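Everything quoted here is computed from the prediction, not taken from an experiment.
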Amino acid sequence: RIPPGRIVFGGDSAGGGVVITALLALKAAGDPLPAGAVLLSPWIDPESTGESYRTQAEADPMVNAAVIQTSAKLYFGADGLRDPAAAPLNADLAGLPPLLIEVGTREVLLDDSTRLAERARAVGVDVTLRAEEGMIHVWQIFAPILDEGQASIDRIGKWVQGRMG
């Protein structure tokens with residue numbers, strides 16, 4: 001059995017939302033939490049209320065608000081979009097483990113990340129937020145050809161190592 005202090009959750013995009021939801025479920029059950037969580041461009045607002053859904057619509061070649069909103073309604077139902085299980089942005093984030101959030105400045109999900117960081121910090125969660133200038137949704141997948149992608153992966157590795165001692 002691996003002790004929780006030797007585990008770090010990670011997820012990108014919708015997977016980032018799943019990670020936050022899993023942390024909240026563990027917390028609610030009174031179960032031990034992992035040492036931290038890495039979130040890459042997390043999708044945590046199925047209502048798409050952040051300003052970046054509009055301001056970055058033309059700049060983001062990977063994600064668009066219309067597809068996000070349609071997917072959210074299909075997955076969560078129109079009545080479930082504000083439920084904290086579907087929208088971790090609406091959850092009580094107090095007591096979560098340290099979070100590393102990386103997001104590009106050219107993506108519609110930018111405000112999901114910045115608002116999550118702001119709300120988590122407001123309740124005492126240790127948050128490291130990096131908004132990488134000019135990067136698009138989950139730019140880390142381009143690490144073989146993009147220096148910024150490899151630099152992000154290197155930062156993530158150091159952060160994870162730091163959580164585990």
Side-chain angles (χ1 to χ4, degrees), residues 8-29 31 33-34 36-142 148-149 152-153 155-156 159-160:
V8 172
F9 287 3
D12 68 78
S13 197
V18 169
V19 165
I20 292 292
T21 300
L23 294 174
L24 293 167
L26 288 170
K27 181 180 91 164
D31 290 332
L33 296 171
V38 176
L39 309 169
L40 307 179
S41 305
W43 176 41
I44 58 157
D45 177 13
E47 290 184 294
S48 307
T49 60
E51 187 66 25
S52 61
Y53 281 94
R54 288 167 291 291
T55 62
Q56 299 305 317
E58 296 297 317
D60 189 338
M62 304 284 280
V63 181
N64 77 51
V67 170
I68 290 255
Q69 291 165 355
T70 299
S71 298
K73 287 177 185 166
L74 288 172
Y75 190 71
F76 302 118
D79 296 334
L81 298 180
R82 294 201 49 79
D83 184 326
L89 195 58
N90 299 322
D92 174 9
L93 304 172
L96 293 186
L99 304 175
L100 171 62
I101 305 169
E102 294 218 1
V103 63
T105 61
R106 288 185 50 206
E107 59 177 297
V108 298
L109 297 179
L110 174 61
D111 286 348
D112 282 32
S113 293
T114 58
R115 293 186 301 154
L116 174 64
E118 179 182 293
R119 290 180 184 183
R121 283 180 183 138
V123 294
V125 177
D126 176 7
V127 179
T128 302
L129 171 67
R130 182 175 179 93
E132 186 73 23
E133 190 63 40
M135 290 298 108
I136 61 172
H137 188 66
V138 191
W139 75 93
Q140 295 85 355
I141 63 173
F142 300 108
E148 293 88 346
S152 175
I153 291 169
R155 276 191 308 273
I156 292 165
W159 188 87
V160 168

Donor-acceptor pair, side chain of [X] and main chain of [Y], under 3.5 angstrom:
X      : Y      : result
Asp112 : Asp45  : yes
Thr105 : Gly134 : yes
Ser152 : Glu148 : no
Ser52  : Asp111 : yes
Thr21  : Ala85  : yes
Arg119 : Leu93  : no

[X] and [Y]: which non-hydrogen atoms are nearest, and at how many Å?
X      : Y      : value
Leu24  : Pro88  : CD1-CB, 4.3 Å
Gly104 : Trp139 : N-CZ3, 3.3 Å
Trp43  : Ala72  : CZ2-CB, 3.8 Å
Gly36  : Trp159 : CA-CH2, 4.1 Å
Pro97  : Pro34  : CB-O, 3.3 Å
Asn90  : Leu81  : ND2-O, 4.5 Å

Say you draw a straight line from [atom1] of [X] to [atom2] of [Y]; how long is it, rounded to the nearest 0.5 Å?
X      : Y      : atom1 : atom2 : value
Leu39  : Thr128 : CG    : OG1   : 11.0 Å
Leu116 : Ile44  : CG    : CD1   : 4.0 Å
Leu109 : Ser48  : CG    : OG    : 8.0 Å
Arg106 : His137 : CZ    : NE2   : 13.5 Å

Side-chain heavy atoms of [X] within contact of [Y], under 4.5 Å:
X      : Y      : result
Tyr53  : Asn64  : no
Leu100 : Val160 : no
Glu47  : Leu89  : no

Quiz item: What residues form a side chain to side chain contact (heavy atoms under 4.5 Å, CB included) with Ala117, not counting sequence neighbours?
Solution: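 Applying side chain to side chain contact (heavy atoms under 4.5 Å, CB included) to Ala117 gives Ile101, Arg121, Val127, Leu129.
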Self-check item: Set of salt bridge (Lys or Arg N to Asp or Glu O under 4.0 Å) partners for Glu102, sequence neighbours left out
Solution: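 Glu102 satisfies salt bridge (Lys or Arg N to Asp or Glu O under 4.0 Å) with Arg155 once adjacent residues are dropped.
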Quiz item: Mind checking what makes salt bridge (Lys or Arg N to Asp or Glu O under 4.0 Å) contact with Glu51, not counting sequence neighbours?
Solution: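 For Glu51 the salt bridge (Lys or Arg N to Asp or Glu O under 4.0 Å) partners, ignoring immediate neighbours, are Arg54.
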Quiz prompt | Option passing side chain to side chain contact (heavy atoms under 4.5 Å, CB included) with Val138 (candidates Val103, Val63, Asp12) | solution =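 In the set Val103, Val63, Asp12, the residue that makes a side chain to side chain contact (heavy atoms under 4.5 Å, CB included) with Val138 is Asp12.
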Exercise. Please identify each residue that fulfils side-chain hydrogen bond (donor to acceptor under 3.5 Å, both in side chains) with Arg130, with sequence neighbours left out.
Key: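 side-chain hydrogen bond (donor to acceptor under 3.5 Å, both in side chains) check on Arg130 returns Glu132.
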Practice problem: Return the set of residues passing side-chain hydrogen bond (donor to acceptor under 3.5 Å, both in side chains) with Ser71 (not counting sequence neighbours), or none when no residue passes. | Solution: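 Testing Ser71 for side-chain hydrogen bond (donor to acceptor under 3.5 Å, both in side chains), a comparison that skips the adjacent residues, returns none.
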Self-check item: salt bridge (charged side-chain N to carboxylate O under 4.0 Å, His left out) partners of residues 57-76, not counting sequence neighbours, each pair once
Solution: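 Residue pairs with at least one partner in residues 57-76: there are none.
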